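All residue numbers in this chain count up from 1 along the given sequence. Since the model is a prediction, treat every value here as computed from it, not as a measurement.
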Amino acid sequence: MDFFVVLQQMLALFAMIFIGFYAYKVNWVTQDTSDRLSKLLVNILNPALLINGVLDKTVVAKKDLLLENLFYIFLYFVLLIGLSFPIAKVLRVGKMENRYQLMLIFSNVGFMGIPVLRSIFGNGCVIYITFYILIYNILIYTLGIAFAQRSLPKEERKNAVKEMINPGTVSAVFAILIFVFHPNIPQGAVTFFDYVGNAVIPFSMIIIGISIAQMPWKEIFGHVKLYIFSAIKLLVIPILCAILLRPLKRDTMLFAIFILMLAMPSGSIIAMIVREYGGKTEEEDICSKGVLMTTLFSIITIPIVVLFL
């Protein structure tokens, strides 16, 4: 994989992020606009992209590749969950350990993962990403919420299994069913999902830019331990895995997806989970800062990780 090709793709995405940043700074958009755009992205555009990825007749995935992909997904979450405990201890963040674990485990497989990987590999990678998103959604609303509520008394903890039934999960299931059974989809529907799904990349990048513009820069970069965390998450883990797990590689694209998923920044959903299920203001704040810092750094670190593929 060519470093400069990936760097060009990341710079193009960064330019879209800058559009969102600038639009907020000149008051073309507001916080309310950002929230509404995020809902549109999460509930309509991202689901449409997942379905569009399996409607592309040129995309063919063999059974053995799907099984290999499932193995990588299992390895992905086992590694991140397992590493989250010692890394949080080493960072010595005290009561914030749970929050750092959440930031390590739950990367931005949607807002960043889909645009970045699709810009590199094209539609052919979307069916494989769909499985990551399906497992991710199940884990974020079970394990993720359990982590977020771990410091709360048992009587104050909430059950959020019903939250797993959301547009992201439903569209992932539909995409897999369409891929498996190959139903005859009208051309009008194919065109609709193509047009709507293609809006994901600019929309998601612009929304990230708006989010970055809202946070005071001194606050974002004022936490030394977030720098260490970012280096571990964005560089150390994916690069070591790329080197040490290379003997497991059979299909080049699937292995690259696995490594680049490890290199993705922390997911923005973490701050929402912490806010909704037991987080205090400072805990939500550290998650927001971690998400924004890792997102900014990932523009540079993802091309670096590519050098080790």
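Interatomic distance, F121 CZ to I129 CD1, rounded to the nearest 0.5 Å: 8.5 Å. Rounding to the nearest 0.5 Å gives a distance of 4.0 Å between CZ of F308 and CD1 of I239. We find the CD1-CD1 distance between I133 and I140 to be 13.0 Å, quoted to the nearest 0.5 Å. For the atom pair SG of C241 and CG of L262, the computed distance is 5.0 Å after rounding to the nearest 0.5 Å. Distance check: I304 CD1 to L7 CG gives 9.5 Å after rounding to the nearest 0.5 Å. Taking OH of Y132 as the start and CG of N137 as the end, the distance is 15.0 Å to the nearest 0.5 Å.
Counting heavy atoms from C-beta outward, L117 and M261 have side chains that approach closer than 4.5 Å. The closest side-chain heavy-atom distance from L65 to M253 is not below 4.5 Å. When side chains are defined from C-beta on, L260 counts as touching I120, because their heavy atoms get closer than 4.5 Å. A 4.5 Å side-chain heavy-atom check between T130 and I176 finds at least one atom pair inside the cut-off. At least one side-chain heavy atom of M10 sits less than 4.5 Å from a side-chain heavy atom of L13. Contact check for F229 versus L104: side-chain heavy atoms found under the 4.5 Å cut-off. Side-chain atoms of F131 and Y136, non-hydrogen and from C-beta on, never get closer than 4.5 Å to each other. The shortest side-chain heavy-atom distance between I17 and I299 falls under the 4.5 Å cut-off.
Surrounding NZ of K225 are more than 12 heavy atoms belonging to other residues, nucleotides or ligands, all under 6.0 Å away. Enclosure of atom CZ in R246 by more than 12 non-hydrogen atoms of other residues, nucleotides or ligands within 6.0 angstrom is indicated. Around CZ of F14, the count of heavy atoms belonging to other residues, nucleotides or ligands within 6.0 Å does not exceed 12.
When all heavy atoms of C287 and R99 are compared, the pair lying nearest together is SG-CB, 3.8 Å. The shortest non-hydrogen separation linking C125 to I257 is CB-CD1, 3.8 Å. The nearest pair of heavy atoms linking M103 to K233 is O-CE, 3.3 Å. Shown here for Y24 and A213, the closest heavy-atom pair between the two residues is CD2-CB, 3.6 Å. Nearest heavy-atom pair, N43 versus P167, reported as atom, atom and distance to 0.1 Å: OD1-CG, 3.2 Å. The two residues L234 and A263 make their nearest non-hydrogen contact at CD2-O, 3.4 Å.
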request  = Test T142 against F147 for side-chain contact (heavy atoms from CB on, under 4.5 Å), laying out the working first.
outcome  = CA-CA 9 Å; T142 51; F147 272 48; over 6 Å; no

ask   = Should F297 and L235 be marked as a side-chain contact (heavy atoms from CB on, under 4.5 Å) after you check the CA-CA gap, both sets of side-chain angles, and the distance that decides it?
value = CA-CA 10 Å; F297 288 164; L235 289 173; over 6 Å; no

task = Walk me through it: do L226 and I286 pass the test side-chain contact (heavy atoms from CB on, under 4.5 Å)?
result = CA-CA 9 Å; L226 277 179; I286 197 69; 4.0 Å; yes

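Under the 4.5 Å side-chain heavy-atom criterion for Ile, Leu, Val, Met, Phe, Trp and Tyr, L244 and F71 are members of distinct hydrophobic clusters. One hydrophobic cluster holds both L49 and L177 under the rule that ILVMFWY side chains link at heavy-atom gaps under 4.5 Å. Under a hydrophobic clustering in which Ile, Leu, Val, Met, Phe, Trp and Tyr are joined whenever their side-chain heavy atoms come within less than 4.5 Å, directly or via other members, I259 and I237 fall into the same cluster. A continuous path of ILVMFWY side-chain contacts below 4.5 Å connects M264 to L11, so both sit in one hydrophobic cluster. A continuous path of Ile, Leu, Val, Met, Phe, Trp and Tyr side chains, each step under 4.5 Å between heavy atoms, connects L70 with V126, placing both in one hydrophobic cluster.
Within the 3.5 Å criterion, the main-chain N or O of P265 finds no donor-acceptor partner in the side chain of N108. Judged purely by atom type and a 3.5 angstrom limit, T294 uses its side chain to pair as donor or acceptor with the backbone of S266. A donor-acceptor pair under 3.5 Å is absent between the side-chain atoms of R250 and the main chain of F255, judged by distance alone.
A parallel orientation is assigned to the rings of F18 and F21, their planes being inclined by less than 30° (bins at 30° and 60°).
Side-chain contact of S298 with T301: a donor-acceptor pair under 3.5 Å is absent, judged by distance alone.
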Could you list the donor-acceptor pairs under 3.5 angstrom formed by side chains in residues 187-203, with sequence neighbours left out?
residue, atom, partner, partner atom, Å
Q187, NE2, T191, OG1, 3.4
T191, OG1, Q187, O, 3.0
D194, OD1, N198, ND2, 3.0
N198, OD1, R118, NH1, 3.3
N198, OD1, R118, NH2, 2.5
N198, ND2, D194, O, 2.9

Would you be so kind as to tabulate the donor-acceptor pairs closer than 3.5 Å made by side chains of residues 72-93, with sequence neighbours excluded?
residue, atom, partner, partner atom, Å
Y72, OH, E68, OE2, 3.3
S84, OG, I81, O, 2.7
S84, OG, Q101, NE2, 3.2

